[in-house]
2 protein chains.
Amino acid sequence: MAKQKNYVSEAVMRRIPRYYRYLTDIEKAGTERISSRELSQRMRLTASQIRQDFNCFGGFGQQGYGYNVSELRQELQKILGVNTDHHVIVIGAGNLGQALANYTGFKKDGFLVNGLFDINPRLIGISIRGINIYDLDDLERFTDQNPIQIAAICTPKEKAQEVTNRVVRNGIKGIWNFAAVDINVPQDVVVENVHLSDSLYTLSFRMNDY
Amino acid sequence: MAKQKNYVSEAVMRRIPRYYRYLTDIEKAGTERISSRELSQRMRLTASQIRQDFNCFGGFGQQGYGYNVSELRQELQKILGVNTDHHVIVIGAGNLGQALANYTGFKKDGFLVNGLFDINPRLIGISIRGINIYDLDDLERFTDQNPIQIAAICTPKEKAQEVTNRVVRNGIKGIWNFAAVDINVPQDVVVENVHLSDSLYTLSFRMNDY
DNA sequence: TAGATTGTTAATCGATTAACAATC
DNA sequence: TAGATTGTTAATCGATTAACAATC
């Protein structure tokens, strides 16, 4: 039933993961179908917006019935591309890098950490949950020999652009950037930023007064 | 020179930390003044938008001159509320919680982690960079005896709402939520979400095709 | 003064909401 | 069939961009 794909705005895109999260929960709770109105009440959106959002990707619903939860969840899963595995390397094996490698939650969504990289000789050679920490010098060799799609950048901000350039040169198309800088990449590479300090600033700002 | 405060939209608010970050860098590099046009080129925004954004808070610039970098940076610092210290507790001393406690970068912005809390007997009693891990049962006592403004929620998602309720009951007004759920709080409490899985989904989505 | 650049108003663009015919 | 709810078009609202008078 899915029709033609429309342009997906930034605003819509940012809501998709949240829809997916809710629908996963709802399905687990055993609910078979849901209307845009019911979903809107749970998620504190308008029903109109939900229908508009879903219709960017084609009609998943049925008049008079609503949406089949399981079917819709699977559609969103496909749209997000989390129906297949992604292979990830983490560059920078400090606290944050190790935390990402340790976090088992990503695995169930198919994000598999295949290796960590660092320049600290004390870290090189050890392993975290069975994931080895390699010498950063081996980065190119590793990415040549293993099919890696995503690099998580957990280096100090001074090194972020440089290591990004290196992995991009070796064909990686997705950068998950935790360094507090905006990094530049070619058009065909995607950067998703997690600026923790920006997030804290925002929290502080909103606690402040405005 | 700062005029009346205007309403600050979500969109504007999300850009302020980035302005602050850039101006900090520019000041460090020794630049004394900058025009909206120069800044727009660096940040890939329009000069118009930058001027509109700053004018939500009053006029910081001077016709024919531009903006004084140091002054503007300080204004943004005040607006963000990061000119004073914030006391933080981290609930959930797993990988992520420990990484946050370990991360020294927050300290320089005045975000001071005063304690970690967990239910795991193996963790309770040890300390991370001089920050103790306490029994979650001691949460109320601790927040009564220490002036804490922010709680970082790093528990499994099933426990997130519950521990949030507990800290909110004890007067904490800022929640930095790392659990993959949307939590509910009273109107006077601020929640800032860091949904890492949503962020990964978004990355995957954009690598996919759209 | 002349040149530069702001602060601010007006125009445009895009996103959200409302409304309703189509249809299950 | 009657009731419910979608998909989609139109109306509204808000955010971004353009333009320019004010002024340093």
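Protein chains get the first letters and strands the later ones, always in sequence-line order, with residue 1 at the start of each. Note: hydrogens, waters and symmetry copies are ignored here, and every other heavy atom, side chains too, is used.
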OP1 or OP2 of [N] versus the side-chain N and O atoms of [X]: is any pair under 4.0 Å?
X	N	answer
A:T46	C:dT16	no
B:S48	D:dT16	no
A:Q62	D:dT6	no
A:S36	D:dT5	no
B:Y67	D:dC24	no

Between atom [atom1] in [X] and atom [atom2] in [N], what is the gap in whole Å?
X	N	atom1	atom2	answer
B:Q41	C:dT5	CD	P	11 Å
B:Q52	C:dT8	CD	C1'	7 Å
A:F57	D:dT6	CZ	C1'	17 Å
A:L45	C:dA15	CG	P	16 Å
B:L39	C:dT5	CG	P	13 Å
A:R33	D:dA4	CZ	P	11 Å
B:L72	C:dT6	CG	P	11 Å
A:D53	C:dA15	CG	P	11 Å

Nearest heavy atom decides the nucleotide; on that basis, is A:R15 or B:R51 closer to the 5' end of DNA chain C?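 Nearest-nucleotide comparison on DNA chain C picks B:R51.
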Of A:G64 and A:Q49, the one whose closest DNA chain C nucleotide lies more 5':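 Closest to the 5' end, via its nearest nucleotide, is A:Q49.
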Which nucleotide in the list [options] gets nearest to the side chain of [X]?
X	options	result
A:Q63	D:dT16, D:dG7, C:dG7	D:dG7
B:A11	C:dT16, D:dA15, D:dG7	D:dA15
B:S35	D:dT6, C:dT5, C:dT16	C:dT5

Tell me whether B:E38 is salt-bridged to B:R42, with the criterion being a basic N under 4.0 Å from an acidic carboxylate O.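 Judged by the 4.0 Å cut-off on N to carboxylate O distance, B:E38 and B:R42 do not form a salt bridge.
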Using the benzene-type ring in the case of Trp, are the ring centres of A:W176 and A:F106 under 6.0 Å apart?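 For A:W176 and A:F106, the ring centres are under 6.0 Å apart.
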For the ring pair B:Y134 and B:F117, is the centre-to-centre distance below 6.0 Å?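 Centroid distance B:Y134-B:F117: below 6.0 Å, so yes.
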For C:dG14, give its Watson-Crick or G-U wobble partner with both distances under 3.5 Å, or none.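 D:dC13 - that is the nucleotide pairing with C:dG14, both distances being under 3.5 Å.
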With a 3.5 Å limit on both atom pairs, tell me what C:dT5 is paired to, counting Watson-Crick and G-U wobble, or say none.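 C:dT5 is paired, partner D:dA22.
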Residue among A:L100, A:I91, A:N95 satisfying side chain to side chain contact (heavy atoms under 4.5 Å, CB included) with A:C154: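 Between A:C154 and the candidates, side chain to side chain contact (heavy atoms under 4.5 Å, CB included) is satisfied uniquely by A:L100.
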Record whether the side chain of B:S9 comes under 3.5 Å of the base of D:dA15 through a donor-acceptor pair of N or O atoms.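 There is none.
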For A:K157, give me all partners under side chain to side chain donor-acceptor pair (under 3.5 Å), at least two apart in sequence or on another chain.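 Side chain to side chain donor-acceptor pair (under 3.5 Å) check on A:K157 returns nothing, list empty.
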Spatial distance of atom CD (A:Q62) from atom OH (A:Y67) [nearest 0.5 Å]: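 Reported value, rounded in 0.5 Å steps: 11.0 Å.
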